[in-house]
Chemist: 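For reference, the structure I am asking about is given below.
Naming: A, B, ... by sequence-line order, numbering from 1 per chain.
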Amino acid sequence: MTTLPALEVVAGAEVHAGPQAPPLAGFFGSDFAPLVYAAVRECVGDRRSGHLLEGIGDRVGIVLGSRRFDTASLELSVEHVNQGRVSPILFYQVLPTAVLGHIARDYRLSGPVSCVAVTGDARAEVLELARLLLADASAEWVLGLTVELDPDPAKSLARADLVRSGPGPADGRAS
Amino acid sequence: MTADVYVSGFGVFSAFGFGPEALIDGVFSGTPAFRTVTRFDVSHCRTDQAATYREMDAAGPAQGTVDVAGACARQAIDMAGWPDPAALPLVLATKLRAPSVEPESPAEITERVADRLGLGRPRRTFVNACCAATNAIIHGAQLIRAGAAPAVLAGGAFLVDRQAFGLFDAAQALALDGQLRPFDQDRQGVLLGDGGAVLLLESGESLRARGAQPLARLAGWAMTDDAFHVAQPHPEGTGVAAAVTRALRRSGIGADELTYVNAHGTGTPRNDAAEAAGLHTALGPYAKEVRVSGTKSTTGHALEASGVLESVITLLAMRSSVLPPTAALRRPDTRHPLRHVSTPERVEVPYALSLNSSVGGVNTAIVLAAA
């Protein structure tokens, strides 16, 4: 039995749909991508200024967790398919890797990218995956993201945590 | 973190049917499985071709996914002779679903598969598009190396459904000539295909303790991102190259020791060109010597499940010493030339690489070693 590293949360942020998450160029009709992007920006800083990921992008992994991901875009895609005409943007936007590719481009992140669907506590699952990535030496920092859309847009929110292996005692539990 | 990870069993499904024999008959003879879709109405679509297994037509996407993943997991357990399903975590790749069409969430599908077989925990669900199943395999390996479990079931399942087909058709992403032709100058795009597979990954210590024999060793893996564009791959395949380089480094072998690459090869102009460029960057002069095939040309693109389906094809190539061809390849790209397998080829395969890429510039690479 080996152990997983303790996690140090370097920075964290939570954002709600609305003014905190303005529209994101290249995405439309859903709060999902703007929320994810805004959470990252709040957590690590704006890409155009000095941010926490500068110079370490090749060692940063991303893990995004959610119950159902971008349900707004998925429902929109059903409408588009029924109409027989799909926006090229929507074709990509329904996939959660699209907004992560946008973030990876803007912050020059070239490490592993995972998306995990959950039934329970998304943040706990995301952080568990982060620990495994760190233990595996696949990354030295992990940007852990969670997002949930709600029928009430004011309740839709995203969270970002930048984590790395911590100085604390290693945890013998791995799951 | 030193445990070696092996494949000790697998189950597989494709448009050719369930089990390795059906897959070998189709893929290794270079026979495309594309046919007219009967599962749903395609009369309004630009093309009517996909690689579907007609006996799954009545299942529906959610139930079909559970049935395919459950059957593949059962095959893997039986093949490995694994005695205690309750000790096995399940890591599955599946697609995202619009709640109005499919109320069951992706993770609930995984729970249903695990409950059906009496599997243990954790139960995880990866949904990162065409890299999801390879991510599931890599995560399974990480669980074993971390000591979370002596063995893990990892795989994915995808059935061609009306929503996926309609989305690709309406976006004009499907090949109108009814052929998926990776790396061909005349390639017109992708075609979808049913697919599913589950690997039983196991630590060397566990194999030794129960006196079992592995089928192959999972020698290396890596995931990267292009950091380039929301939808397009980097034209020089930088992310592919980094994934290949890191996976080879982890496996401890050089490019000269690699015999075979099962490429992502979707038959789309940009993706295939980027993948070929990335292979040249990573493998250097050996890029022209390593044999490459794109087996989506026979199976179709199983989207979230493609990585594990192609891992099984790669494993079968190693076990049989026969390489599956790229079907319908007539005029290979010349800019980054590769040594394509155009007819079944007999060759020893000590090490092989399987590649996948997805929207957002995500790339995965795994290296299998002969056991």
Chemist: Measure across Y92(A) and V359(B) and return the closest heavy-atom pair with its distance rounded to 0.1 Å.
Modeler: CD2-CG2, 3.5 Å
Chemist: Taking all non-hydrogen atoms of both residues, which atom of R68(A) and which atom of E104(B) are closest, and how far apart?
Modeler: NH2-O, 3.4 Å
Chemist: Taking N128(B) for the side chain and P96(A) for the main chain, is one N or O donor matched with an acceptor at less than 3.5 Å?
Modeler: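 The answer is no, because no donor-acceptor pair under 3.5 Å joins these two groups.
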Chemist: Checking heavy atoms, do the side chain of L95(A), its backbone, both or neither come under 4.5 Å from chain B?
Modeler: side chain
Chemist: Under a 4.5 Å cutoff for heavy-atom pairs, which residue among Q172(B), R246(B), R121(B), R123(B) has the most contacts with chain A?
Modeler: R246(B)
Chemist: Closest heavy-atom contact between V86(A) and A171(B)?
Modeler: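 Where V86(A) meets A171(B) most closely, the heavy atoms are CB-N, 4.3 Å.
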Chemist: What residue, out of I138(B), T238(B), V101(B), N135(B), has the most heavy-atom pairs lying under 4.5 Å from chain A?
Modeler: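 Among I138(B), T238(B), V101(B), N135(B), the one with the most close pairs to chain A is N135(B).
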Chemist: Where does A222(B) contact chain A at under 4.5 Å (heavy atoms): side chain, backbone, both or neither?
Modeler: neither
Chemist: Between R108(A) (side chain) and A227(B) (backbone), is there a donor-acceptor pair under 3.5 Å?
Modeler: yes
Chemist: For F168(B), which atoms come within 4.5 Å of any heavy atom of chain A: side chain, backbone, both, or neither?
Modeler: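 Backbone plus side chain of F168(B), per the 4.5 Å heavy-atom cut-off to chain A.
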Chemist: Identify the heavy atoms of L109(A) and D225(B) that sit nearest to each other, and give their distance.
Modeler: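 Minimum heavy-atom separation between L109(A) and D225(B): O-CB, 3.7 Å.
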Chemist: Quick one: does E75(A)'s side chain have a donor or acceptor within less than 3.5 Å of a partner on S100(B)'s backbone?
Modeler: yes
Chemist: Around atom CD of E205(B), are there more than 12 heavy atoms of other residues, nucleotides or ligands at under 6.0 Å?
Modeler: no
Chemist: So for R250(B), is it side chain, backbone, both, or neither that comes closer than 4.5 Å to the heavy atoms of chain A?
Modeler: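 Only the side chain of R250(B) comes within 4.5 Å of chain A.
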Chemist: Supply the atom-to-atom distance R67(A) CZ to T125(B) OG1, rounded to the nearest 0.5 angstrom.
Modeler: 11.5 Å
Chemist: What part of V127(B) gets closer than 4.5 Å to chain A, counting heavy atoms only: side chain, backbone, both or neither?
Modeler: both
Chemist: Non-hydrogen atoms of chain B under 4.5 Å away: do they reach the side chain of V118(A), the backbone, both or neither?
Modeler: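 Answer is backbone: N, CA, C or O of V118(A) sit under 4.5 Å from chain B.
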Chemist: Determine whether S114(A) and F126(B) satisfy the following criterion, side chain to side chain contact (heavy atoms under 4.5 Å, CB included), listing intermediate values before the conclusion.
Modeler: CA-CA 7 Å; S114(A) 290; F126(B) 286 95; 4.0 Å; yes
Chemist: Quick one: pull up NE2 in H139(B) and CG in L129(A) and give me the separation to the nearest 0.5 Å.
Modeler: 4.5 Å
Chemist: Compare every heavy atom of L96(B) with every heavy atom of V94(A), then report the nearest pair and how far apart it is.
Modeler: O-CD1, 4.1 Å
Chemist: Let me know if E102(B) has heavy atoms under 4.5 Å from chain A in its side chain, its backbone, both or neither.
Modeler: backbone
Chemist: Can you give me the closest heavy-atom contact between A117(A) and P106(B), atom names plus distance?
Modeler: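 In this case the closest contact between A117(A) and P106(B) is CB-CB, 3.9 Å.
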Chemist: Taking T224(B) for the side chain and P112(A) for the main chain, is one N or O donor matched with an acceptor at less than 3.5 Å?
Modeler: no
Chemist: Could you go step by step and tell me if Q163(B) and S77(A) meet the side-chain hydrogen bond (donor to acceptor under 3.5 Å, both in side chains) rule?
Modeler: CA-CA 8 Å; Q163(B) 179 59 20; S77(A) 76; 3.0 Å; yes
Chemist: Using heavy-atom distances under 4.5 Å, tell me whether D106(A) contacts chain B through its side chain, its backbone, both, or neither.
Modeler: neither
Chemist: Pick from S358(B), A231(B), A243(B), A242(B): which one has the most heavy-atom pairs with chain A under 4.5 Å?
Modeler: A231(B)
Chemist: Test your reading of the model: is there a side-chain donor-acceptor pair from R105(A) to the backbone of V230(B), 3.5 Å cut-off?
Modeler: no
Chemist: F27(A) versus chain B, heavy atoms under 4.5 Å apart: side chain, backbone, both or neither?
Modeler: side chain
Chemist: Distance check, rounded to the nearest 0.5 Å: I109(B) atom CD1 versus T119(A) atom OG1?
Modeler: 12.5 Å
Chemist: If I take atom NE2 from residue H102(A) and atom CZ from residue F228(B), how far apart are they, to the nearest 0.5 angstrom?
Modeler: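 The NE2 atom of H102(A) sits 13.5 Å away from the CZ atom of F228(B).
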